[in-house]
J.: 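Supplied in structure tokens, the structure appears directly below.
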Amino acid sequence: MDDTTTPNGDDERLSLRGLLEEPLLASARVLSGTDALSGPVTWCLPWGEVMSRPDSLAEVAVYTRPETLSAPGRELESLVARGAGVLLVDGSAPAGTTWPRGLTVVELGFPVGFTALNRLLAERALTQEAHVMRYALTVHQSLAGLLHRGAGLPMLIREVAALTSDVAVALDVRGRLLAHAGLPDAEDAGTVALLDALADALPRLEESPPARMHNVHVIRLEHPDGLFAPTTAVAGAMQLAGRYEGWVVVVVPGANPRRHDIAQHRVVVEQAGTIIGTEMLRQRSVDEAEERARGDFVQALVHGNFANDHDLRTRAALHEIDLDLHYIVFVAPGLVDRAAGRPGASMVRLARYAAGVLPRPGVRSHVTVIGDVLVVIRSLSSADAPGVESEIGEYAHAMALDLETRLGQRIPVSHGRPAAGARDIGESYREARITLGIAQRLGLSGSVAYNDLRGFSVLARATDTDESRRLIRDVLGPLRASSSHADAEELLFAYLEEGGNVNAAARRLRIHRNTMIAKLDRTSRLIGMDIREPENQFTLWLALRLDLLSQVQDTVNHEIVTR
């Protein structure tokens, strides 16, 4: 595979070879640089003007009289360094002149004059520009007309194929096929290999500098195992307002297509890039609007915010949500960069990715974001209890792995008990949120089920009583009056989670054993009980868990009430 942007001479701009074919230069002779005749020539400037200014001489033909070259010295080297396209000597060049490497020198058989040469280049350049502009206008009108009629991406790509009489494809920013016209079979091994090679050869839109993206890329493709014949691809970036959406590509059979065809294809993909980018932006806006509306409904579903049963059924039908299926609610912390421009959009995308893992026939997933929490409501396909439990566990594990990969850290994915119908989703969500709050406080990760925290489930009934509030106040009150209460609570959680093992707790907190003992003694004095005694450990364990449950339930209840 050869990834090469076409040299300038491969398009239809005037080249030195084309200039030499003009009748005015019929007697011209190339003295040096015969390998660079395909380079473009856009301007003609006289020697005196060129030497008085240090500007770049790319695509410039430098005109000079033979007498000027009697003792050029380092001036010829300067032309090469500044990228001069060609040196035109109007008359017989001095015999024995040593031409620097990299400089194309043309000797005119009889004097032509600077004015005549300059007029020739200007006329050829203007004629070519006018031709390109007329063709570009025709292409633009054809594609823009389809865009304004709402034809959609597939129709626009078919129009690109019709304009070029070749295969046309649209690829997203990762090189995946979005639409095509003219491919015999998108599933064929040769076609797949061709698209993979093309995606690998194109510059990565998210990695390349903007200047790289503004170029039209002409790429030679050849598979080492011969899965597809040698091919040339002309690719232009789809873009709008500086944002890149993917690539428009015209695929031309053969490794060396006609120069005229490539020039036309370049114009087509340049025009198609902006127009198809506009269509993709429009489609994204529609998708995001539908996603927001569906997300609003999902939030109303988990919070039970419906005026009546008719309102619920009407909105459920609009979003194609079956109220009679069994559902399970999964929640996870988003953990996205809050300083980013649109963190909410990033979290919705993260939830959408998570909902797409472990697909099953007939299983539907609906996503939303509530605060910093990702919410996935997934329908269940299993009929018996063991099958439901296995299905839930497999998906929770897969979702946790996907989020871990995307976020770069282990996080909990919690869920409540299954909901028998969409009307019970609110209770499943409440259990999932409570489970998530407990899991985060205990430092758990991976799949965490409401039933995994059976002790908390039993204690949940006791949290909103005078006895529990009094226990929390008596045991944790003195601790919280201290300035270091946060560290002390973390110490107690670690110590109790390790079953009163000082060494294990010290390792968990990454402190020295003696430091751990000193902190335990100080905390014991602060709360007025020796926390090394088993009975006191149970009292502390109970107070801490009742307090944690109370805080988590208050947070979830406040969210539900205020929505």
J.: Ignoring hydrogens and geometry, is there a side-chain-to-backbone donor-acceptor pair from Arg82 to Val50 under 3.5 Å?
T.: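 Judged by distance alone, yes, a pair lies under 3.5 Å.
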J.: Within this structure, what is the CG-CE distance for the pair Leu153 and Met280, rounded to the nearest 0.5 Å?
T.: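 Answer for the CG-CE pair, Leu153 versus Met280, is 6.5 Å.
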J.: Out of curiosity, Arg17 CZ to Thr104 OG1, how far, rounded to the nearest 0.5 Å?
T.: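 That separation rounds to 10.5 Å.
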J.: Determine whether Leu374 and Val376 make a side-chain contact, defined as any pair of heavy atoms from C-beta on separated by less than 4.5 Å.
T.: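 No; the side chains remain at least 4.5 Å from each other.
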J.: Can you name the nearest heavy-atom pair linking Asn118 to Cys44, along with the distance?
T.: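 Here Asn118 and Cys44 meet closest at OD1-O, 3.5 Å.
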J.: Report the C-alpha separation of Thr368 and Ile377 in whole Å, then their side-chain angles, then the decisive distance to 0.1 Å, and conclude whether the side-chain contact (heavy atoms from CB on, under 4.5 Å) test is met.
T.: CA-CA 9 Å; Thr368 189; Ile377 300 175; over 6 Å; no
J.: Glu107 side chain to Ala93 main-chain N or O, any donor-acceptor pair under 3.5 Å?
T.: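 Such a contact is found between Glu107 side chain and Ala93 backbone.
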J.: Are the side chain of Glu391 and the backbone of Ser381 linked by a donor-acceptor contact shorter than 3.5 Å?
T.: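 Yes; judged by distance alone, with no hydrogens or angles, the pair exists.
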J.: Which distance, rounded to the nearest 0.5 Å, do you find between the CG of Leu163 and the OG of Ser142?
T.: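 These two atoms lie 4.5 Å from each other.
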J.: To the nearest 0.5 Å, tell me how far Leu19 CG sits from Arg124 CZ.
T.: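 CZ of Arg124 is found 8.0 Å from CG of Leu19.
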J.: Looking at Gly150, is its backbone amide N or carbonyl O close enough to the side chain of Glu279 to form a donor-acceptor pair, meaning the two atoms are under 3.5 Å apart?
T.: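 No, because the side chain of Glu279 does not come within donor-acceptor range (under 3.5 Å) of the backbone of Gly150.
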J.: Could you tell me whether a side-chain N or O of Asp188 sits under 3.5 Å from a main-chain N or O of Gly190, the two making a donor and an acceptor?
T.: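 Checked: pair present.
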J.: For Tyr63 and Asp90, does a side-chain donor sit closer than 3.5 Å to a side-chain acceptor?
T.: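 Short answer, yes.
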J.: Given Thr278, which partner from the list Leu147, Leu156, Leu143 fulfils the side-chain contact (heavy atoms from CB on, under 4.5 Å) test?
T.: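 Single side-chain contact (heavy atoms from CB on, under 4.5 Å) partner of Thr278 among Leu147, Leu156, Leu143: Leu147.
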J.: Flag the pair Leu79 / Trp47 as yes when at least one side-chain heavy-atom distance between them is below 4.5 Å, and no otherwise.
T.: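 Leu79 reaches Trp47 side chain to side chain.
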J.: Are the side chains of Ile157 and Leu178 in contact, using a 4.5 Å heavy-atom criterion?
T.: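 In short, these two side chains do not touch, never coming nearer than 4.5 Å.
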J.: Ignoring hydrogens and angles, tell me if any N or O in the side chain of Thr231 forms a donor-acceptor pair with the backbone of Leu221 under 3.5 Å.
T.: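 No; judged by distance alone, with no hydrogens or angles, the pair does not exist.
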J.: Is a side-chain N or O of His265 found less than 3.5 angstrom from the main chain of Asp261, in a donor-acceptor match?
T.: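 Checked: pair present.
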J.: Do Trp99 and Leu87 touch side chain to side chain, with heavy atoms closer than 4.5 Å?
T.: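 A side-chain contact under 4.5 Å exists here.
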J.: Does Val268 form a side-chain contact (heavy atoms from CB on, under 4.5 Å) with Tyr135? I'd like the steps, not just the answer.
T.: CA-CA 9 Å; Val268 172; Tyr135 184 63; 3.6 Å; yes
J.: Output yes when a side-chain donor or acceptor of Thr64 lies under 3.5 Å from a complementary backbone atom of Val89, and no otherwise.
T.: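 Checked: no pair found.
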J.: Look up atom CG in Leu198 and atom CH2 in Trp247, then write down how far apart they are to the nearest 0.5 Å.
T.: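 If I round to the nearest 0.5 Å, the distance is 9.5 Å.
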J.: Got a donor-acceptor contact below 3.5 angstrom from the Ser15 side chain to the Ser38 backbone?
T.: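 Absent.
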J.: Anything under 30° is parallel, anything over 60° is perpendicular, the rest tilted; go ahead and classify His366 against Tyr327.
T.: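 Answer is tilted, since the angle falls between 30° and 60°.
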J.: Give the minimum heavy-atom separation between Ser92 and Pro66, together with the two atoms involved.
T.: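 Heavy atoms of Ser92 and Pro66 come nearest at O-CB, 3.2 Å.
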J.: So, do His415 and Ser447 sit near enough that their side-chain heavy atoms are less than 4.5 Å apart?
T.: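 Heavy-atom side-chain distance check passes, below 4.5 Å.
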J.: Flag the pair Val105 / Thr97 as yes when at least one side-chain heavy-atom distance between them is below 4.5 Å, and no otherwise.
T.: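 No, too far: nothing below the 4.5 Å cut-off.
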J.: Can you see which heavy atom on Val106 is nearest to which on Ala28, and at what distance?
T.: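 Val106 and Ala28 have their closest heavy atoms at CG1-CB, 3.7 Å.
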J.: Quick one, His180 with Val167, criterion side-chain contact (heavy atoms from CB on, under 4.5 Å). Give me CA distance, side-chain angles, the key distance, then yes/no.
T.: CA-CA 8 Å; His180 70 88; Val167 172; 5.8 Å; no
J.: For the residue pair Val331 and Ala432, what are the closest heavy atoms and their distance?
T.: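 Scanning both residues completely, I find the closest heavy atoms to be CG2-O, 3.4 Å.
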J.: Taking atom CH2 as the centre, does Trp43 end up with more than 12 heavy-atom neighbours from other residues, nucleotides or ligands that are less than 6.0 angstrom away?
T.: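 Counting other residues, nucleotides and ligands, CH2 of Trp43 stays at 12 neighbours or fewer.
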J.: If you look at every heavy atom in Tyr395 and Ala354, which pair is closest and at what distance?
T.: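 Of all heavy-atom pairs spanning Tyr395 and Ala354, the closest is OH-O, 2.9 Å.
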J.: Rounded to the nearest 0.5 Å, what's the gap from CG on Leu227 to CD on Glu222? Could you check?
T.: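 These two atoms lie 12.0 Å from each other.
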J.: A side-chain contact here means heavy atoms from C-beta on lying under 4.5 Å apart; do Ile275 and His140 qualify?
T.: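 Ile275 vs His140: side chains touch.
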J.: Can any side-chain N or O of Ser379 pair as donor or acceptor with the backbone N or O of Arg364 at less than 3.5 Å?
T.: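 The answer is yes, because a donor-acceptor pair under 3.5 Å joins these two groups.
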J.: Can you tell if the side chain of Leu407 reaches within under 4.5 Å of the side chain of Leu350, non-hydrogen atoms only?
T.: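 Side chain of Leu407 against side chain of Leu350, heavy atoms only: contact under 4.5 Å found.
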J.: Could you please spell out the steps behind the side-chain contact (heavy atoms from CB on, under 4.5 Å) verdict for Arg266 and Val234?
T.: CA-CA 7 Å; Arg266 291 171 68 95; Val234 184; 4.2 Å; yes
J.: Restricting to non-hydrogen atoms, name the atom on Glu75 and the atom on Met51 that form the minimum distance, rounded to 0.1 Å.
T.: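 Closest approach of Glu75 to Met51, heavy atoms only: O-CE, 3.6 Å.
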